[in-house]
Every structure is written in C-alpha cells, then in structure tokens.
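Just follow the structure's listing: the first ligand is 1, and inside any ligand the first atom is 1.
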Amino acid sequence: MEIKDKRVVLTGAAGGMGSILARELVKLGANLAMVDANAKALDAMHAELPDSHAIAGDLSSAAGCTVVADQCLEKLGGIDLLINLAGINSFAAYEDENPEKIELMLHVNLLAPMWLARAFLPVMQKNNAGRIVNVGSIFGSIGFAYFAVYSASKFGLRGFSEALRREVADTNIKVTYIAPRAVKTPMNSDALMRMGEATGMNMDAPEDVVKKIIAAINNNRKDIYFGFPEALFVNINVMFPRLVDKALAAQNRIARAFAKGEK
Ligand SMILES: NC(=O)c1ccc[n+]([C@@H]2O[C@H](COP(=O)([O-])OP(=O)(O)OC[C@H]3O[C@@H](n4cnc5c(N)ncnc54)[C@H](OP(=O)(O)O)[C@@H]3O)[C@@H](O)[C@H]2O)c1
C-alpha cells in the first residue's frame with residue numbers, strides 16, 4: 001500500500017516508536033490521526049505535525065475505543081489504514097502481577113486492536129479497501145518467562161490477526177501482523193534493560209523498526225518477524241519447543257532476580 005494521501009489512524013502515536021512512525025507517515029503524505037492516552041506528549045507531537053489530527057483517548061475500554069474511532073472518522077472522513085501500535089508491558093514474576101494490571105494489559109494490547117478493527121472494518125468493507133496493521137512482538141510467538149501476561153496478550157493479537165486476515169482474504173482489505181524483537185524505547189523499564197544487558201538480549205533502534213514497519217505496509221506483507229536469531233527461533237518454537245525450553249533455561253534463571261527486583 002502506498003501511504004501518500006491515505007487516511008491513517010495510528011495508536012500509541014506519542015510513544016517511543018509511535019512518534020517516529022507518525023513523523024514518517026506525515027513525511028510520506030499521509031492524512032494522519034494520532035491517538036494516544038498521553039495527552040501532553042500528544043500535544044507536543046501535534047505542535048510538531050500541525051497538519052495531522054491529535055486525538056487523546058484511553059483505549060483500555062470498548063467505550064473508549066468507540067469514542068476514539070468516531071473522532072478519527074469525523075476528522076479523516078474515513079479510513080484507509082489502521083495501525084494498532086499502542087501497548088504496555090510488564091516484566092515481573094507472574095506471582096507478583098496484580099489482577100488489575102493483567103486486565104489492563106489484555107485490554108490495551110489485545111482488546112483495543114480488536115475493538116478498533118471492529119469499529120473501522122465496516123467502513124473499509126464499504127470501500128472494499130483498507131489495511132489493518134497490528135503490532136505484536138516476538139513474545140507473541142515465543143512465550144517468555146517473566147513476560148507471561150505480555151506474551152499472552154501478543155499471542156492473542158497474532159491469532160486475531162491471522163484469523164481476520166483469512167476472513168477478509170477474498171476482499172481488498174488486508175491484515176498485517178508485525179513482530180519486533182526488543183526495541184530501545186521508554187516502554188522498557190530499567191530492570192528490563194539491566195536484564196537485557198545481563199542476558200545479551202538483542203535490542204533494535206526504534207528508527208530501524210519503524211523503517212521496517214513502513215516497508216511491510218508498502219510491500220503488502222502479511223506478517224514480519226524481526227531479527228536473527230529471534231525470527232528463526234519463532235519457527236523452531238513451533239516445531240521443536242523443547243529445544244527452545246532448553247535454550248532459554250539459563251537466561252530465565254538470570255532474569256528472575258531482575259524480575260523480582262533483587263538486582
Ligand atoms: N519496546 C519494545 O521493546 C517492543 C518490542 C516489541 C514490540 N513492541 C510493541 O510496539 C508497540 C509500541 O511500543 P513502544 O516501545 O513504542 O512503547 P511506548 O514508548 O511505551 O509507547 C506506547 C504508547 O502507547 C500509549 N498508551 C498506553 N496505554 C494506552 C491506552 N490505554 N490508550 C491509548 N494509548 C495508550 C502510551 O502512553 P503512556 O505514555 O501514557 O503510557 C505511549 O505513548 C507496543 O504495542 C509494544 O508492545 C515493543
């Protein structure tokens with residue numbers, strides 16, 4: 001899909017990757033609606049990109065998503081491309097996760113993309129055109145210790161993307177699932193960054209990931225998994241999960257102390 005003149009809704013537009021992606025989309029000629037819960041950061045983005053639309057909203061409920069979707073359609077007069085990028089994570093031992101945080105993470109990472117896709121799909125169906133891009137994670141294919149809730153949310157998002165892609169396969173509506181490995185953004189806590197260093201976790205620059213997201217949209221990719229060896233591990237995990245259990249065991253032991261706040 002060529003981005004020029006397309007009506008684009010980008011969630012998480014004020015975040016680490018979102019702000020870079022928003023600038024690129026505008027540079028490429030998109031008519032952009034930027035959505036984010038962080039009103040202050042969103043205002044700053046709007047000041048920088050005054051021709052775009054800024055829609056502050058909390059996507060953690062179905063009602064919040066409906067309000068945001070209505071505002072986007074009003075501002076843009078329709079939609080060609082939805083990019084579900086907003087997300088939250090948690091690096092913690094599962095016994096330390098609280099029920100509210102579990103619920104919030106599933107709402108923002110999994111249900112919000114589903115609610116928004118449901119709100120925009122009829123508009124795309126009317127035009128028989130459009131693309132929905134869901135930003136997941138390598139952790140949506142490899143369940144990672146101390147990211148149990150995050151992994152669950154991204155596994156769900158990958159399944160939803162695959163099912164919806166197959167459901168609309170006979171139309172001109174396309175679904176893309178994007179799975180970055182770790183990226184250097186404010187999403188990752190200090191403890192996570194220290195654990196990443198201690199275990200040799202590969203971390204990409206957000207600018208590089210954004211370039212690949214744009215390329216995936218331009219090239220009509222169905223899905224994309226980032227990085228070596230992570231992308232290879234995604235396939236090994238499907239066929240030989242016990243091998244991945246073994247490969248990650250030592251790393252998981254190191255990660256525990258960081259996840260428990262002991263390091
Ligand atoms: N960073 C990584 O290592 C990594 C790796 C793989 C995949 N990803 C995925 O990439 C996406 C973007 O991540 P990022 O690193 O750019 O994260 P980020 O820097 O934390 O940005 C996320 C943005 O989403 C916003 N947001 C959070 N909850 C929201 C809600 N309820 N309603 C509306 N907006 C909300 C955040 O606002 P606040 O500032 O108010 O929280 C923030 O501006 C996420 O889906 C993430 O899971 C990230």
Nearest to [atom] by heavy atom, [options]: which?
atom	options	value
atom 9 (C) of ligand 1	G140, P180, G136, G87	G136
atom 11 (C) of ligand 1	D204, T185, L85, I138	L85
atom 25 (C) of ligand 1	D36, L192, V35	D36

Run the numbers for me: atoms of ligand 1, each under 4.0 Å from some heavy atom of [X], listed by number.
X	value
A14	43 (O)
P186	19 (O)
N188	1 (N), 2 (C), 3 (O)
G16	16 (O), 18 (P), 19 (O), 21 (O)
L59	30 (C), 31 (N), 32 (N), 33 (C)

Which of R7, K4, R131 passes salt bridge (charged side-chain N to carboxylate O under 4.0 Å, His left out) with D80? It is R7
- Look at the rings of F139 and Y150 and say which category their plane angle falls in: under 30° parallel, 30 to 60° tilted, over 60° perpendicular. perpendicular
Note: Y150, heavy atoms under 4.0 Å from ligand 1, region reported as side chain
The answer for which part of I88 has a heavy atom under 4.0 Å from ligand 1 is side chain
